[in-house]
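Scroll down for the structure; my scribbles are underneath it.
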Amino acid sequence: MANIQFNGVGIRAVAACVPADVSRNADALRGLLPDDEIEKTIHAIGIREKRLAPKNVCASDLCAAAAEKLFADNPDAPRDEIDFLLFMSQTADFRTPATAPILQHRLGLPQSCAALDLSLACSGYVYALSTAFAYAALPGVRRVLLLDGETYSKCVNPRDRVNAPLYGDAGTATLVEKSPEFGAAHFTLKTDGGGADVVKIPAGGSRVPASAETLREETDAEGNVRSGCEVRMNGMDVFNFAIRSVPAVTKETAARAGFAPADADCVVFHQANRMMTDFLAARMKIAPEKILYSLGEYGNTSSASIPLTLAARGNALAARERALLCGFGAGLSWAAAALSLAPTKFSEPFDFNPT
């Protein structure tokens, strides 16, 4: 396992942007489930609506807009002082080139700014945040801009009753900075590639290239319609993985920071679904009011869900010295962070305007 501690590095600001198009699950599920099952499903997953990106809008577009908002709201951190740009996404613009250099140019960052793509699913933000902290801690680097966005709805068949109610789209920007006002931050990163089939898009990569055959839709025994280039998930395996792994990594990380999860000021889990998150919180005896949620209006936005939740709920926090973040999902991969959000400025999510 990777247990990492940083000192004098922290999150200066977080911003988020979401598509303007609202998809309500009560409408999306009509025809996929019996009418008397729709409300039960919505209540269980906790997702009443999601934001879906149109065909011509990518994760990078949403992230660029979030970054512009972050710069506008934080004039003491100008774009020409960004030393490193990280782009975390599994829905990049192209197979090549990487999206980070495109964003460096689009945002007007200096050519002295390094730019790098990262790819991981629902644990991705915590992993990418540890990477941003690691670069910011180095001599010669002070500010790292972490852009995390997904348009995962483009990978989901609308007639897939398992996944269609879950996934929404979002783009976020996190400014990581080296400063003596930041204390210690602790990260724990873990992986089990033996569970790679639990959440997977089987085709479209180099192992199984996209073809007419892999793009053909098929209906499984439960009535879910998918092609080989669309996401499929074993929900029970994900649930069992989460309840086995998330409490342990969260407790371990909090203990290294000197407190128990129940004593945290706030906790942000990956916004998988409400039933799962409530179960995890109860397992760790965390008071419900300490758990931050955004999935009700934005859905599961994969790796972007934690920073989106911070942007949406951070300003309402009375205390945020002891913050816990935990992401988990495809890979299998899971990670937790214990850090202070006291100096962090949050810009609330706003609707994307392509003009």
Side-chain angles (χ1 to χ4, degrees), residues 18-55 91 121-122 150-170 195 197-204 213-244 246 269-283 288 291 293-302 304-305 308-309 312 328-330 332:
V18 294
D21 182 27
V22 178
S23 172
R24 293 175 175 80
N25 265 340
D27 299 327
L29 289 171
R30 192 166 291 117
L32 296 181
L33 295 176
D35 289 347
D36 60 348
E37 292 293 324
I38 292 177
E39 186 57 36
K40 293 178 183 178
T41 299
I42 292 173
H43 179 76
I45 64 176
I47 300 171
R48 295 208 163 268
E49 58 188 43
K50 312 174 296 295
R51 301 299 186 93
L52 305 184
K55 289 183 178 180
T91 51
C122 301
E150 294 289 359
T151 50
Y152 229 68
S153 69
K154 298 176 186 290
C155 308
V156 176
N157 193 299
R159 291 180 290 166
D160 181 343
R161 296 184 294 180
V162 173
N163 294 295
L166 300 178
Y167 290 105
D169 303 327
D197 290 337
V198 172
V199 184
K200 190 174 188 178
I201 299 176
E213 181 180 355
T214 63
L215 290 168
R216 187 173 60 247
E217 293 181 343
E218 296 180 348
T219 304
D220 68 13
E222 285 74 41
N224 298 296
V225 180
R226 306 181 185 105
S227 77
C229 293
E230 292 169 327
V231 68
R232 53 194 65 194
M233 173 176 62
N234 186 316
M236 186 54 66
D237 284 353
V238 172
F239 184 83
N240 290 335
F241 152 67
I243 64 173
R244 180 178 68 249
V246 172
F269 292 114
H270 161 57
Q271 306 285 289
N273 66 68
R274 185 67 185 247
M275 180 177 63
M276 181 184 297
T277 308
D278 285 350
F279 186 94
L280 294 172
R283 174 70 66 90
I291 308 295
Y293 288 102
S294 67
L295 81 169
E297 63 265 49
Y298 300 121
N300 178 343
T301 56
S302 190
S305 76
L308 175 61
T309 304
F328 51 93
L332 293 167

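Listed by first and then second residue, the side-chain hydrogen bond (donor to acceptor under 3.5 Å, both in side chains) pairs that reach into residues 31-42 are E39-R48, sequence neighbours excluded.
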Can you check side chain to side chain contact (heavy atoms under 4.5 Å, CB included) on N224 and T219, steps first, answer last?
CA-CA 5 Å; N224 298 296; T219 304; over 6 Å; no
Audit row: T91, E150, side chain to side chain donor-acceptor pair (under 3.5 Å) steps and yes/no
CA-CA 6 Å; T91 51; E150 294 289 359; 2.9 Å; yes
Stepwise side chain to side chain contact (heavy atoms under 4.5 Å, CB included) test for L295 and N300:
CA-CA 6 Å; L295 81 169; N300 178 343; over 6 Å; no
Applying side chain to side chain contact (heavy atoms under 4.5 Å, CB included), run through L308 and V18 and close with a yes or a no.
CA-CA 9 Å; L308 175 61; V18 294; 4.0 Å; yes
Evaluation steps, salt bridge (Lys or Arg N to Asp or Glu O under 4.0 Å), between R159 and E217:
CA-CA 10 Å; R159 291 180 290 166; E217 293 181 343; 2.2 Å; yes
E230 vs C155, test: side chain to side chain contact (heavy atoms under 4.5 Å, CB included). Steps then yes/no.
CA-CA 5 Å; E230 292 169 327; C155 308; 5.7 Å; no
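Minimum interatomic distance between V162 and M233 (heavy atoms only, all atoms of both residues): CG1-CE, 4.0 Å. Between I47 and A272, the closest heavy-atom pair is CD1-O, 4.4 Å. Between L32 and P158 the shortest heavy-atom distance is CD1-O, 3.3 Å. When all heavy atoms of A121 and S302 are compared, the pair lying nearest together is C-OG, 3.8 Å. Across all their heavy atoms, G168 and L52 have their closest contact at CA-CD2, 4.4 Å. Scanning all heavy atoms of the two residues, the minimum distance from N157 to A164 falls at O-CB, 3.7 Å.
Considering only residues two or more places apart in sequence or on other chains, Y167 meets the ring pair (Phe, Tyr, Trp, His ring centres under 6.0 Å) condition with Y152. Partners of T277 under the side-chain hydrogen bond (donor to acceptor under 3.5 Å, both in side chains) rule, at least two apart in sequence or in another chain, do not exist in this structure. Applying the side-chain hydrogen bond (donor to acceptor under 3.5 Å, both in side chains) rule to Q271 yields no partners; only residues at least two apart in sequence or on another chain are considered. With sequence neighbours excluded, the residues satisfying side chain to side chain contact (heavy atoms under 4.5 Å, CB included) with A28 are S23, N25. Remark: E213 engages S211, R216 in a side chain to side chain contact (heavy atoms under 4.5 Å, CB included) (not counting sequence neighbours). Every residue two or more places apart in sequence or in another chain that forms a salt bridge (Lys or Arg N to Asp or Glu O under 4.0 Å) with D220 is listed here: R226. Residues passing the side chain to side chain contact (heavy atoms under 4.5 Å, CB included) test with N273 are I45, M275, M276, sequence neighbours excluded. Annotation: side-chain hydrogen bond (donor to acceptor under 3.5 Å, both in side chains) contacts of D27 (sequence neighbours excluded): R30. Partners of Y298 according to the ring pair (Phe, Tyr, Trp, His ring centres under 6.0 Å) rule, which considers only residues two or more places apart in sequence or in another chain, do not exist here. For V22, the side chain to side chain contact (heavy atoms under 4.5 Å, CB included) partners at least two apart in sequence or on another chain are R24, E49, R51. Legend: residues meeting side-chain hydrogen bond (donor to acceptor under 3.5 Å, both in side chains) with D278, ordered by chain and number and at least two apart, are R274, Y293.
Side-chain contact check for L332 versus V198: some heavy-atom pair is nearer than 4.5 Å. Contact check for I42 versus L29: side-chain heavy atoms found under the 4.5 Å cut-off. Looking only at side-chain heavy atoms (C-beta outward), F328 and L280 come within less than 4.5 Å of each other.
With T309 contributing its side chain and S305 its backbone, the two residues share a donor-acceptor pair below 3.5 Å. Of the possible donor and acceptor atoms, none in the side chain of S294 sits under 3.5 Å from a partner among the backbone N and O of A312. Panel note: side chain D169, backbone S153; a donor-acceptor pair is recorded below 3.5 Å. A donor-acceptor pair under 3.5 Å is formed between the side chain of K154 and the backbone N or O of P54.
D160 and N163 are linked by a side-chain donor-acceptor pair at a separation below 3.5 angstrom, with hydrogens and angles left out of the test.
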